[in-house]
Amino acid sequence: MENFTAYNPTKLHFGKGVTEKLGETALEYGKKVLLLYGKGSVQRNGIYDKVVKQLNSIKAEVFEYSGIKPNPLVDDVLEAAQIGKLNNVDVIVAVGGGSVIDSAKITALSIANSTDPWAIMKYKVKPKKTIPLIAVLTLAATGTEMNGAAVLQNHKTNEKIGYVSSLNYPEHSFLDPEFTFTVPNDYTSYGVVDLIAHTLEAYFGEGEASLSDRFVEVIIKEAMEYGPLVLKEPENYEYRANIMWAATTALNGLTNYGRKSGDWGVHDIGHNISYLFDTPHGATLSIAYPAWLKLHKDRIPERIIKLGNQLFGTNSIEETIENIERFFKSINCPIRLSDINIGEDKKDELIEQMLATKINGMVHKFTDEDRKKVVELMM
Ligand code: NZQ
Ligand code: ZN
């Protein structure tokens, strides 16, 4: 096991009705609130009204920025930060999935340091402080509610990239599984894939960490059991709760302690697919993971066999990969680019993007030949 420091300052409030404490929690930081949300799902499902009621109960002065899109853009962060700065807000309340919460993290840094958000994302400036962020999670997937990562894209630089900082952890995150009842089946499945992918990125990282490996195995088992059930009964509280907590634990540090690092090569591939074709994050991962495993199978055979053994009771690499593909398919996720109508005509463009951004893992490195091969394997 490698040496490690466990750090996770987010106060996570989980369960039915937890947002009833949102008002008093926001008041700990002040009354000027920047409220961020996406393209309107929270208005349609009533979550917006619940949040506003809480903020009204403390007589908060609320400044809103909405319209943050899936695969969020730095342009929205820039605008949100301008509103926050102009009005000298005390706290940000972000209501949504990963896209909204990630945007809020960088908005907070941008406001506190009067800095261009893309300069932060590119590590060109080192923010020294932030303003408090309260997240109200409405979609189980990314783990952003309890981690220090944020992912944004920029059409001027042709990139979708991640930024990690200890300043990024939300002060508080509110997770009411009922708030995820209205997530449509496609995004529910993408969330299941995403959480599995997060545990695998850790698993295929560097360093022997027995307990962290076991956490990975049980989190995947949880996802494989409750993912299909939640698709059949989207309003089953227990199923939604199990998936929501699994998604948080998949990327809040638990699966990584004792390793030097995770790999994150599959996410790099996925972000480039999302960037080019605006594909939802989880759908890129159900396509990229099988291809990545095929590319690396002769380089890390023991690791894949260990996983297959624990998850599917097989010692065969091929069967392990097939089982993973079969599961993704069973929850209606794409496993090839052709499943999302990306055909041969787009192949060169994708290879060019992979070569230009030099997709790579932190542990398992890619040559240019690998970058081309992985695209072939996804076709
Ligand atoms: O925009 P609205 O109207 O809110 O609709 C959203 C959006 O269309 C909808 N939705 C969210 N909650 C809902 C709902 N619809 C009905 N009922 C609800 N309760 O779902 C759609 C997808 O939302 P989004 O926030 O984009 O999804 P997700 O949570 O999967 O976030 C994806 C983003 O997070 C990044 C991804 O790259 C992607 O940009 N990631 C962030 C990570 C992190 N910060 O740790 C790690 C991940 O690996 C990932 O890269
Ligand atoms: Zn992810």
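Residues L152 and L78 do not share a hydrophobic cluster, defined by chaining ILVMFWY side chains whose heavy atoms lie under 4.5 Å apart. Taking hydrophobic clusters as Ile, Leu, Val, Met, Phe, Trp and Tyr residues chained together by side-chain heavy-atom distances below 4.5 Å, L175 does not share a cluster with L254. Criterion: ILVMFWY side-chain heavy atoms under 4.5 Å apart, direct or through other members. Under it, F63 and L55 are not part of a common hydrophobic cluster. In terms of hydrophobic clustering, with Ile, Leu, Val, Met, Phe, Trp and Tyr side chains grouped at heavy-atom distances under 4.5 Å, F277 and V374 are assigned to a common cluster.
Applying side-chain hydrogen bond (donor to acceptor under 3.5 Å, both in side chains) to N236 and the options E238, E233, K232 leaves one that passes, E233. Applying the side-chain contact (heavy atoms from CB on, under 4.5 Å) test between L34 and each of I92, I131, L133 identifies I92 as the sole match.
In this structure, T367 contributes its side chain and D370 its backbone to a donor-acceptor pair below 3.5 Å. In this structure a side-chain-to-backbone donor-acceptor pair under 3.5 Å is missing from N309 to I305. Within the 3.5 Å criterion, the main-chain N or O of A149 finds a donor-acceptor partner in the side chain of K105. Within the 3.5 Å criterion, the main-chain N or O of E319 finds a donor-acceptor partner in the side chain of S316. Between the side chain of R259 and the backbone N or O of E208, no donor-acceptor pair lies under 3.5 Å. Judged by distance alone, the side chain of D339 and the main-chain N or O of P334 form no donor-acceptor pair under 3.5 Å. Between the side chain of D213 and the backbone N or O of S210, no donor-acceptor pair lies under 3.5 Å. When atom types are taken as modelled, the side chain of T138 and the backbone of F179 share no donor-acceptor pair closer than 3.5 angstrom. A side-chain donor-acceptor contact under 3.5 Å links D176 to the backbone of E178. Put simply, the side chain of D263 gets close to the backbone of V363: a donor and an acceptor are under 3.5 Å apart.
Side-chain polar atoms of N87 and K32 form no donor-acceptor pair below 3.5 angstrom. No side-chain donor-acceptor contact under 3.5 Å links N8 and Y169. Between the side chains of R44 and T182, no donor-acceptor pair is found at a separation under 3.5 Å. Looking only at atom types and distance, the side chain of Y48 has a donor-acceptor partner in the side chain of E64 under 3.5 Å away. If you check the side chains of N272 and T357, you find a donor sitting under 3.5 Å from an acceptor.
Atom CG of residue D49 and atom CD of residue Q54 lie 12.5 Å apart, to the nearest 0.5 angstrom. In this structure, OG1 on T142 lies 10.5 Å from CG on L195, to the nearest 0.5 angstrom. For the atom pair OH (Y37) and CD1 (I101), the distance works out to 15.5 Å, reported to the nearest 0.5 Å. Taken to the nearest 0.5 Å, the CG atom of D268 stands 12.5 Å off from the CH2 atom of W292. Atoms CE and OG1, from M378 and T284 in turn, are 9.0 Å apart once rounded to the nearest 0.5 Å. Distance check, rounded to the nearest 0.5 Å: OG of S274 to NE2 of H281 gives 7.0 Å.
Counting heavy atoms from C-beta on, the side chains of N154 and L73 never come closer than 4.5 Å. The side-chain heavy atoms of L293 and I304, taken from C-beta on, include a pair separated by under 4.5 Å. Within the 4.5 Å cutoff, side-chain heavy atoms of K346 are placed close to those of E349. Contact of the V192 side chain with the F328 side chain is not registered, since no non-hydrogen atoms from C-beta on lie closer than 4.5 Å. In this structure, H271 and Q153 have side chains that are not in contact, with every pair of non-hydrogen atoms separated by 4.5 Å or more. Looking at heavy atoms from C-beta onward, L337 lies in side-chain contact with I273 at the 4.5 angstrom threshold.
Minimum heavy-atom separation, S189 to C333: CB-SG, 3.6 Å. Between N252 and Y257, the shortest heavy-atom contact is O-OH, 3.9 Å. For G38 against V100, the heavy-atom pair with the smallest separation is N-CG2, 3.5 Å. Heavy atoms only, all atoms of each residue included: K31 and I58 are closest at CE-O, 3.3 Å. When all heavy atoms of I68 and S103 are compared, the closest pair comes out as CG2-OG, 3.5 Å. Between A197 and L285 the shortest heavy-atom distance is CB-CD1, 3.7 Å.
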* side chain to side chain contact (heavy atoms under 4.5 Å, CB included) between H13 and S173, worked out -> CA-CA 6 Å; H13 312 272; S173 282; over 6 Å; no
* Please report the C-alpha distance between L12 and W245 in whole Å, then the side-chain angles of each, then the deciding distance to 0.1 Å, and finally whether the side chain to side chain contact (heavy atoms under 4.5 Å, CB included) criterion is met. => CA-CA 11 Å; L12 192 102; W245 183 227; 3.5 Å; yes
* Show your working on salt bridge (charged side-chain N to carboxylate O under 4.0 Å, His left out) between E325 and K294 and close with a plain yes or no. => CA-CA 12 Å; E325 286 191 340; K294 287 171 196 166; 3.0 Å; yes
* To do: Take E171 and Y29 through the side chain to side chain contact (heavy atoms under 4.5 Å, CB included) test and state the conclusion after the steps.
  => CA-CA 10 Å; E171 284 282 325; Y29 306 101; 3.0 Å; yes
* Walk me through it: do E145 and T10 pass the test side chain to side chain donor-acceptor pair (under 3.5 Å)? => CA-CA 8 Å; E145 64 276 10; T10 299; over 6 Å; no
* Walk me through it: do K21 and T25 pass the test side chain to side chain contact (heavy atoms under 4.5 Å, CB included)? => CA-CA 6 Å; K21 285 190 297 190; T25 305; 4.1 Å; yes
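Taking 4.0 Å as the cut-off between side-chain N and carboxylate O, E235 and R240 do not count as a salt-bridged pair. Contact check on R371 versus E352 returns no salt bridge, with no Lys/Arg side-chain nitrogen under 4.0 Å from an Asp/Glu carboxylate oxygen. For E344 and K347, the salt-bridge test passes: some basic side-chain N is under 4.0 Å from an acidic carboxylate O.
For K221, the NZ atom sits in a packed shell: over 12 heavy atoms of surrounding residues, nucleotides or ligands are nearer than 6.0 Å. At most 12 heavy atoms of other shown residues, nucleotides or ligands fall within 6.0 angstrom of atom NZ in K59. For K69, the NZ atom sits in a packed shell: over 12 heavy atoms of surrounding residues, nucleotides or ligands are nearer than 6.0 Å. Within 6.0 Å of atom CG in N3, 12 or fewer heavy atoms from other residues, nucleotides or ligands are found, so the atom counts as exposed in its surroundings. Residue K11 places its NZ atom among more than 12 non-hydrogen atoms of other residues, nucleotides or ligands, all under 6.0 Å distant. For E20, the CD atom counts as loosely surrounded, since its 6.0 Å shell holds 12 or fewer non-hydrogen atoms of other residues, nucleotides or ligands.
In this structure, the ring of Y275 has its center less than 6.0 angstrom from the ring center of H155. Here F14 and F174 keep their ring centres 6.0 angstrom or further from each other. Separation of the H198 and Y203 ring centroids does not fall under the 6.0 Å cut-off.
For the pair K16 and Y237, the cation sits on the ring face: its NZ or CZ lies under 6.0 Å from the ring centre, inside 45° of the axis.
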